[in-house]
Novice: 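Just dropping this structure here.
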Amino acid sequence: MSAAPANAPDSALLVPSVSDGYGWATVSAALNKQITASQNRLKYIYGQLNRTDIVLGSETLSDLSDQIDNITSVAQSIQTQAASYQTVYDSYLDIVGAKTEGESAAIVAQRAHLQAVLQDIKSTVTQGKLLGLQAKQVQLEVQRRGAVSQKELLSERIASPLSLGFWRDLVDEGPELRLTFAPPVNNGFAGVLYNWPYMLGTLCAVFLLTALLSRPVYGMLRMAEGKIVRKFTGDSLPETHQSFIPVALSGLFCGVIMFLLWEIISSILSLDAGRSPVLAHGIAGIMPLCGFILGAGLPALSRATAIDGASQGSARALWGVDWCIAIFVLLQTLFMIIGQENAFPVTARRLIEALFTLVVTSLFVWMCRRLTRSTDARLAPAIYGIGWLILVVTWSAIALGFLAFAFAVALWSVAISVSLASLMLLSIAMKEFTSRTFSVGSLISKRLSRLGVHSNRVAQFGVLLSGVVNIGLIIIFVAICLSEGSLDIPVVADRVQSLFVGQTINGVQFSLNTAVYCIVLMIVAYYAIGAFTKWLESRLFPTTNLDIGARTSILNIFNYVAWITVLLLVLSEAGVTVKNLTWVVSALSVGIGFGLQAIVQNFVSGVILLAERPIRVGDLIELGGIKGDVKRISVRSTEIGLGDGSTMIVPNSQFITSAVRNATLGTSLSAASATVTISPRADATKAQLALMDMMTKREDILQTPPPGVAISAITETGITLALSAKVSSVRDVGGVTNAIMLDAYRVLQEAGLELGKPC
């Protein structure tokens with residue numbers, strides 16, 4: 001861009017200043033304040049991480065991590081704003097132009113001002129980048145501290161409960177333990193369990209009310225199922241009919257009921273006062289699962305068991321297990337919250353966790369033993385063995401002093417068992433619902449068939465719906481496995497969200513959100529490409545003069561280009577760039593050099609065949625003594641239909657490197673010829689006229705160009721006549737030639753002309 005003229009007025013360049021109320025001078029102060037505040041916050045967080053007088057729980061580390069994420073967002077915002085202003089002021093500097101002789105002092109001053117502002121902007125961008133790097137380093141330290149805490153927890157060893165030192169430490173922790181139950185004092189501090197009687201009473205009331213409501217809820221749902229079936233099908237469900245749908249719905253309803261009961265009663269009694277909010281909120285997060293266990297377990301393990309094919313012995317053997325599991329899930333959540341908040345002294349907390357582990361493992365082995373003795377359950381022996389293994393490992397760990405490790409094993413066992421059983425119940429109920437609702441003979445299928453929807457399509461939708469739900473349940477199970485044994489609904493929801501948000505590895509974003517988007521994109525592209533291809537074949541091509549070979553080549557090229565475009569879109573959405581694919585390209589180069597030469601050669605040959613079209617679909621070709629019709633041309637191979645009805649697949653490279661005879665290239669016309677020998681005593685002119693008349697009357701012979709009959713040889717044994725004609729296709733040559741020979745023999749016999757010996 002040319003420089004401003006030397007005589008330009010001073011106001012020709014409207015560079016913003018502080019007095020204007022906008023521009024970089026106004027924004028710079030705010031950005032500098034944000035940078036200073038963020039740096040001070042990072043210093044505070046780093047100081048908290050290095051404190052030795054307190055123990056940082058997981059909640060504290062999570063809060064610090066959230067603060068660092070906010071600082072990272074501020075750093076990115078600062079860089080974005082500064083970069084946008086840098087672009088604007090670069091444009092101003094381009095307008096001013098380079099320094100020239102004789103320019104006015106105002107232009108010189110403006111150039112110097114712009115350069116100073118740009119320098120300040122670049123300094124702010126650098127400070128923003130530095131702030132982002134500092135936040136990243138502190139975030140890594142927080143993550144490392146959390147990982148180290150978890151590793152240290154699993155490897156923690158204290159005095160064994162079988163030794164006197166353990167109980168001596170427990171007695172020494174008495175005064176500190178009493179602080180857990182201390183009421184609020186003047187500074188507002190209160191122990192986590194200072195209102196434990198009200199909390200315990202509330203929990204008992206909520207559990208009892210939910211248990212009392214579970215049977216009526218299940219009865220109403222089963223009655224509603226019978227009414228729905230009778231209304232839409234006209235048939236009544238038998239009394240012995242058992243279904244998983246009312247069981248699963250009963251669990252969901254009871255989960256909601258238990259959560260609402262806890263929220264209402266805890267609010268009335270103010271159980272979230274003092275330090276109790278963390279505990280109260282944690283209990284609220286686990287209430288839906290406890291309610292689901294009671295609501296689904298009580299009817300499922302009743303006398304009329306809801307499990308098809310299960311004996312009454314299974315229900316009797318598992319009677320009371322639902323209550324135990326719900327209580328264990330609640331206690332597990334309470335112990336995890338207490339451990340995260342460091343509410344109990346170490347020895348007391350480890351003792352409670354050890355007792356929990358002993359009870360859980362013992363109950364699990366006892367339940368498997370009852371199942372093994374009372375029923376013929378096939379999985380009971382295997383589960384029995386796993387239960388004994390967990391019992392031996394945890395009890396041995398407790399005896400050796402690894403109480404935290406034993407508790408972690410118990411947590412995982414309870415979390416995986418409960419989540420797997422609950423999710424399997426929901427999966428089975430969903431499968432039963434879709435098979436009933438969307439089956440071929442269902443009411444929905446019959447009604448949709450009147451609208452033109454095939455019943456198989458409805459059944460396919462039911463299968464897909466069940467599959468989508470199962471995938472969602474698998475994602476929830478993975479999230480539970482990643483939540484370190486926690487069954488708290490908010491914690492699991494956060495894990496599910498983190499799975500969908502994903503993480504960046506080597507510049508590539510891995511997340512379920514991206515995966516779902518890519519899958520949906522490919523499905524939509526599949527149907528869109530198919531619909532457009534069908535439109536080309538059925539609507540556009542019939543209005544053109546393109547032959548079948550040209551149409552096939554266009555369709556193949558369109559499909560390949562369309563799918564390559566879709567693949568590039570998918571890679572772009574996933575964040576894959578050429579830089580990320582460097583190792584893939586290197587691996588392909590090595591592979592091509594060693595074992596992929598033939599594949600690449602066939603691919604390139606296929607592109608040449610589709611572009612140059614030396615052979616086309618429908619051509620009659622001969623390759624290496626094999627003769628047949630071209631049926632399909634792809635980028636790797638070509639399909640040739642042989643005379644016996646079979647198909648030969650030929651690599652495309654053979655059409656480039658070998659000689660190929662194409663009988664239909666250039667024109668579809670072909671020549672049919674035959675020879676007839678008459679006696680030397682016969683009238684050659686009469687024979688020629690008779691044969692010519694026969695040729696002109698045949699419909700399978702083209703009259704343009706006209707057929708011909710000529711004398712090709714005269715010998716002592718006979719006169720040879722050569723018959724030639726054009727036919728519409730090379731495939732008709734054999735049949736037309738045979739018909740010409742038969743008619744020639746008939747015509748000569750009728751004319752009384754004697755046949756001779758062939759030369």
Side-chain angles (χ1 to χ4, degrees), residues 545 547-549 552 613-632 638-648 650 655 658-759:
N545 296 325
D547 54 57
I548 187 173
T552 304
R613 299 176 60 211
I615 61 172
R616 299 164 299 182
V617 175
D619 287 355
L620 179 65
I621 64 172
E622 185 174 352
L623 174 65
I626 300 173
K627 188 175 182 180
D629 297 322
V630 178
K631 298 174 60 178
R632 181 176 177 269
T638 298
E639 298 178 4
I640 301 177
L642 304 181
D644 58 357
S646 61
T647 300
M648 174 171 286
V650 181
F655 293 95
S658 304
V660 181
R661 179 177 178 269
N662 192 336
T664 55
L665 183 62
T667 177
S668 60
L669 301 181
S670 187
S673 60
T675 58
V676 179
T677 303
I678 61 176
S679 173
R681 296 179 296 275
D683 187 350
T685 303
K686 183 179 179 181
Q688 190 175 10
L689 293 174
L691 293 175
M692 189 64 186
D693 182 65
M694 179 269 298
M695 297 274 285
T696 56
K697 293 180 179 180
R698 294 194 59 84
E699 295 182 356
D700 53 1
I701 294 177
L702 298 177
Q703 301 302 317
T704 303
V709 179
I711 298 175
S712 61
I714 299 177
T715 62
E716 295 179 353
T717 58
I719 302 173
T720 301
L721 301 175
L723 291 74
S724 61
K726 295 291 184 180
V727 294
S728 58
S729 175
V730 67
R731 297 172 180 81
D732 300 333
V733 171
V736 172
T737 301
N738 183 67
I740 289 175
M741 294 293 291
L742 292 175
D743 283 352
Y745 176 77
R746 177 183 56 79
V747 168
L748 293 177
Q749 290 292 329
E750 292 176 354
L753 298 174
E754 182 182 356
L755 299 177
K757 297 180 180 180
C759 300

Novice: Return the minimal non-hydrogen interatomic distance between Val709 and Gln688, and the atom names on each side.
Specialist: O-NE2, 2.7 Å
Novice: On a heavy-atom basis, which atom in Met695 and which in Gly708 lie closest, and how many Å separate them?
Specialist: CE-O, 4.3 Å
Novice: With sequence neighbours excluded, what pairs up with Met741 under the side-chain contact (heavy atoms from CB on, under 4.5 Å) test?
Specialist: Ala674
Novice: What is the distance from atom CG of Leu691 to atom CE of Met694, rounded to the nearest 0.5 Å?
Specialist: 5.0 Å
Novice: Taking side-chain hydrogen bond (donor to acceptor under 3.5 Å, both in side chains) as the test, write out the residues that go with Thr696, two or more places apart.
Specialist: none
Novice: Which heavy atom of Val676 sits nearest a heavy atom of Ala744, and at what distance?
Specialist: CG2-CB, 4.0 Å
Novice: What residues form a side-chain contact (heavy atoms from CB on, under 4.5 Å) with Ile711, not counting sequence neighbours?
Specialist: Ala684, Ile714, Ile719, Leu721
Novice: How close do Pro707 and Ala725 get, counting heavy atoms only, and between which atoms?
Specialist: CB-CB, 3.9 Å
